[in-house]
There are 2 protein chains.
Amino acid sequence: MDVGIIGGTGPLGSALGARLAEAGRTVVLGSRNPERAQESASRLGDRWPQLADGLVGGGNELAARSDLVVVAVPWESVVPVAAEFAEALAAKTVVCVANALVRTGSEFAALAPPRGSVAQLLQSTLPRSMVVAALHHVPARDLAELGRPVHADTMVASDFQSSAGVVMELLGSIDGLRALYVGSLAAAGALEAMTAVLLNVNLRYRARSSLRVVGIREDDGQ
Amino acid sequence: MDVGIIGGTGPLGSALGARLAEAGRTVVLGSRNPERAQESASRLGDRWPQLADGLVGGGNELAARSDLVVVAVPWESVVPVAAEFAEALAAKTVVCVANALVRTGSEFAALAPPRGSVAQLLQSTLPRSMVVAALHHVPARDLAELGRPVHADTMVASDFQSSAGVVMELLGSIDGLRALYVGSLAAAGALEAMTAVLLNVNLRYRARSSLRVVGIREDDGQ
C-alpha cells in the first residue's frame with residue numbers, strides 16, 4: 001500500500017511522509033507546486049539516505065492517486081482541496097489531520113466547523129470516501145525528529161472501522177506512536193478542539209506537549 | 001480553607017472529598033438529603049479513620065457556605081442546583097467537574113450545552129462567582145482508591161486565573177494528580193467533550209483511562 005500526502009511539503013505532511021517512508025512505505029509527497037514537492041523529497045532523501053527510495057515528490061493529483069491519502073493542508077483548505085480530488089479519492093481511506101483553530105490574543109481557541117468538525121465536514125464533502133480522523137495531538141516537530149521515538153498516542157475516529165484499522169496499523173508502524181480507536185467520526189470534534197488546549201499548554205509551559213492515554217493495558221493499545 | 005461539595009455523596013464527590021480530607025482539608029459533603037450525607041461521611045470515616053475528623057456530612061446549603069465549593073451533581077442538575085445557591089456562592093471559587101454526555105448505542109457522545117460547555121453555562125448562571133473547570137478526565141474510581149496515587153493530569157480552565165491557581169494547588173495536594181492550567185473557560189468545551197472519547201476508550205479497551213500530558217518538564221507541571 002502506497003501513501004499519498006496532499007499538502008506533503010508542510011511541517012506535518014513532510015514529517016509524516018518521512019516517518020512512513022522510514023517504516024517501509026512508498027510515499028508521494030504532494031503539493032500544488034510539483035517542483036516544490038520534488039525539492040522537499042530530495043532534501044529529505046539527502047538528509048536521511050534510507051528514505052531516498054521511498055519518497056517521491058509530485059503534484060497533489062499524483063498524491064491523490066495513491067492507495068491511501070492523507071490530507072495535510074491547512075484546515076481552511078481541507079474542503080476545497082479535497083473537493084477538487086473527489087473523483088480520485090472515491091472508495092479510498094482518506095486521513096484528516098486538521099484542527100480548526102484560531103489564536104485569539106494570548107490563547108488558542110477551537111472553532112466549530114459545520115457538521116461538528118473538519119473531519120465530519122470532509123466526510124460530507126467526500127461521501128464516497130472513508131474519512132479517518134487522526135494525528136491531532138502529535139507535534140509535527142516530534143514526527144520530524146527521525147531516529148527518536150515519538151512517545152505519544154493518536155486517537156483515531158472514523159465511521160468506517162476497517163478504514164480506522166488500516167490507519168491504525170499504518171501509524172502504529174511509526175516508532176513510539178500508539179494508535180487508539182475512539183469510535184465514530186462524532187468524536188473528531190473533541191479531538192480537534194483538544195489541540196487548542198495543548199497549544200495553550202505549550203504557550204504556558206513552554207512545552208511541546210502531546211497526550212498519552214493511561215489506564216490501558218499496553219498490549220491492548222494497538 | 002474548607003471545601004464544600006454540592007452533590008458530595010455521588011461517586012466523584014465522595015471520592016474527591018475523601019482525597020481532600022486525606023490531604024488535610026476540612027470537607028463538607030453536601031446532599032439534598034443531609035442524613036444521607038452524614039451516613040456517607042461516617043462510612044468513609046469508618047473505612048479510613050484518618051479522614052474522620054476532616055469529613056462532615058450535611059445539606060447542600062451547608063456545603064455551599066464553605067470557602068471553596070465543588071459542584072458535583074449530574075450535569076443536567078448543575079445549573080438548577082447552582083442557581084438555588086447563587087447567593088451563598090457569590091464571590092467564591094466554584095469548581096465545575098461536569099461533562100454533558102449521552103450514550104448513543106455503543107458509544108458515548110458529547111452534547112453541546114448552551115454557551116459551549118457546562119462550565120461556561122454555570123459561569124453565566126453565577127456571574128458573581130469565579131467558575132473553574134477541572135477534573136474531567138480523572139476516573140472517580142481512581143480517586144476513590146485512597147492510598148494509591150492517581151497518576152493522571154487534570155487540565156484546569158477558568159476566566160479567573162487566581163481562582164484557577166487556588167484550585168490547582170488544592171488538586172495538586174492529591175497524591176499523583178498533576179494540575180495544568182490551559183487558559184480561559186473557552187477551553188472547557190474541549191475538556192468536557194474529551195471525556196466522551198475516554199469513555200469510548202474504556203468501552204473498547206476495557207480500561208479505566210485518563211490523560212497525561214507529555215512533553216512538559218515535570219517541575220513546570222504545577
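Numbers restart at 1 for each chain; the letters A, B, ... are given by sequence-line order, proteins then strands.
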Of the listed residues (A:Glu107, A:Glu192, A:His151), which shares the most heavy-atom pairs with chain B below a 4.5 Å separation?
A:Glu107
Looking at B:Val182, is its backbone amide N or carbonyl O close enough to the side chain of A:Asn200 to form a donor-acceptor pair, meaning the two atoms are under 3.5 Å apart?
yes
Using non-hydrogen atoms only, which part of B:Ser184 is less than 4.5 Å away from chain A: side chain, backbone, both, or neither?
both
Would you say CZ of A:Arg115 has more than 12 non-hydrogen atoms from neighbouring residues, nucleotides or ligands within 6.0 angstrom?
no
Contact summary for A:Gly215 and B:Ala207, nearest pair of heavy atoms
O-CB, 3.3 Å
Toward chain A: residues of residues 119-149 of chain B with heavy atoms under 4.5 Å
none
Mind listing the closest non-hydrogen atom pair of A:Tyr205 and B:Tyr181 along with its distance?
OH-N, 2.7 Å
Side chain from CB out, backbone as N, CA, C, O: work out which of these in A:Ala109 comes under 4.5 Å of a heavy atom of chain B, or both, or neither.
neither
Is the closest side-chain heavy-atom distance between B:Ile216 and A:Val201 below 4.5 Å?
yes
Top contributor to chain A interface from B:Val197, B:Leu198, B:Thr195, B:Leu191 [non-hydrogen pairs under 4.5 Å]:
B:Val197
What part of B:Met155 lies closer than 4.5 angstrom to a heavy atom of chain A: side chain, backbone, both or neither?
side chain
Quick one: pull up CE in B:Met194 and CE in A:Met194 and give me the separation to the nearest 0.5 Å.
5.0 Å
